[in-house]
2 protein chains.
Amino acid sequence: MNTDMDKGAQVLKLLGDRTRLTMMKILESQDCCVCEFTAIFNLSQPAVSQHIRKLKDARLVTETRRGQWVFYSLNKDTEDYPLVRDILNHFPGQAGRLKELEQQGLRIFCD
Amino acid sequence: MNTDMDKGAQVLKLLGDRTRLTMMKILESQDCCVCEFTAIFNLSQPAVSQHIRKLKDARLVTETRRGQWVFYSLNKDTEDYPLVRDILNHFPGQAGRLKELEQQGLRIFCD
DNA sequence: TCATCATATAAGAATATACTTATATATTCA
DNA sequence: TGAATATATAAGTATATTCTTATATGATGA
């Protein structure tokens, strides 16, 4: 509640892009790395990195390196998260996008 | 629930602007006309009209002419409204902006 | 160490956005 | 009808956004 108008508008602008909105919705269900997003969206790897950079700069996502890969997660520890959560709740789950990847053998599993 | 990603991203992009977001929040409490918005925001009248046009084109607001003035209202009869409502709930009320206008004698009352 | 894979950054181009000023349209009222 | 007021549209400009390709950085494993 009571998010500042300017900061809030900034968050909305970031989510106001089909690619970033879908990324966030995917991250809602599972962590994901750049190469997976690159396989999901019909976009170059730099384009994906640049979208993620914006989300990261706004602290909407956090990153964790796991070996060769950098995995991204929703950042639930920010004052913007309640707004983000409420927004994402209005959109259909995107787990299917990851399922497709898995069937194509493109899903990254590591531990 | 289950707003289409593309349409939803478009709505978020429209709200992802300080001016339009504040307009929508103001409209949440009362209908308003262009000249009032022009007094509230430090913007030219055409700039205000152009912002409203976008909101109107997306059917987020509706217009009603009352004599000389055109009043705008939140459109609650659209599939996007639940998303809009949930978003606006995260922001502080902007009734103060209208109160200031009233004190300056700039508030439009008609009927 | 060197080749490979994943990711990030830089630079440039096409397009979109948000203003401005000038002007057109619509309504009111003397 | 004609002046005044409210709003919309047009045209132009500055800046922001989102891609692309080329290249740099970082980690892995033979």
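Since this is a predicted model, take the numbers as computed values, not measurements. Any value given below was found using the heavy atoms of this structure, including those in side chains, with hydrogens, waters and symmetry copies removed. To find a chain, count down the sequence lines: A is the first, B the second, and so on, and within it residues start at 1.
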Could you check which residues of residues 24-58 of chain A get a heavy atom under 4.0 Å from DNA chain D? Sort them by number, please. Leu43(A), Ser44(A), Pro46(A), Ala47(A), Gln50(A), His51(A), Lys54(A)
Just to confirm, is there a sub-4.0 Å distance from OP1 or OP2 of dA8(D) to any side-chain nitrogen or oxygen of Tyr72(B)? yes
For Pro92(B), is there any backbone N or O sitting under 3.5 Å from a side-chain donor or acceptor partner on Gln94(B)? yes
Mind checking Arg20(B) for me? I need base, sugar-phosphate or nothing, with any heavy atom below 4.0 Å counting as a touch. sugar-phosphate
Go through Ile87(A) and Asp86(B) one step at a time and tell me if the side chain to side chain contact (heavy atoms under 4.5 Å, CB included) criterion holds. CA-CA 7 Å; Ile87(A) 290 171; Asp86(B) 283 1; over 6 Å; no
Which heavy atom of Asn89(B) sits nearest a heavy atom of Glu28(B), and at what distance? OD1-OE2, 4.1 Å
Mind calculating the distance between CH2 (Trp69(A)) and P (dG29(D)) to the nearest angstrom? 8 Å
Could you walk me through whether Lys7(A) and Glu79(A) pass the salt bridge (Lys or Arg N to Asp or Glu O under 4.0 Å) test, one step at a time? CA-CA 10 Å; Lys7(A) 263 194 98 255; Glu79(A) 59 175 2; 3.2 Å; yes
Backbone N/O of Val61(B) and side chain of Glu63(B): donor-acceptor pair under 3.5 Å: no
Please report the end-to-end axis angle for the helix from dT1(C)-dA30(D) to dA30(C)-dT1(D), five pairs per end, rounded to 10 degrees. 20°
Would one find more than 12 heavy atoms of other residues, nucleotides or ligands at under 6.0 Å from atom CG of Asn42(B)? no
Write down the distance between NZ (Lys13(A)) and C1' (dT18(D)), rounded to a whole number of angstrom. 13 Å
Crowded around Arg59(A) CZ? As in, over 12 foreign heavy atoms under 6.0 Å? no
Pairs under 3.5 Å (N/O, protein and nucleotides 12-14 of chain C):
none

Where Phe91(A) and Asp4(B) come nearest, the two heavy atoms and their spacing: CE2-O, 3.6 Å
Report the residues that fulfil salt bridge (Lys or Arg N to Asp or Glu O under 4.0 Å) with Glu100(B), sequence neighbours left out, ordered by chain and then residue number. none
Nearest-Å distance for atom pair CD/C1', residues Glu63(A) and dA6(C): 13 Å
Take the protein atom CG of Asp17(B) and the nucleotide atom P of dA16(C), then report the distance between them rounded to whole Å. 18 Å
Cys33(A) backbone acceptor or donor facing Glu36(A) side chain under 3.5 Å: yes
Between P of dT5(D) and CG of Leu106(B), the distance in whole Å: 14 Å
Do you see a donor-acceptor pair shorter than 3.5 Å between the side chains of Ser73(B) and Asp31(B)? yes
List the residues meeting side-chain hydrogen bond (donor to acceptor under 3.5 Å, both in side chains) with Arg53(A), not counting sequence neighbours, and say none if there are none. Asp57(A)
Output yes when a side-chain donor or acceptor of Arg20(B) lies under 3.5 Å from a complementary backbone atom of Leu14(B), and no otherwise. yes
Close N/O contacts between protein and nucleotides 24-30 of chain C (under 3.5 Å):
none

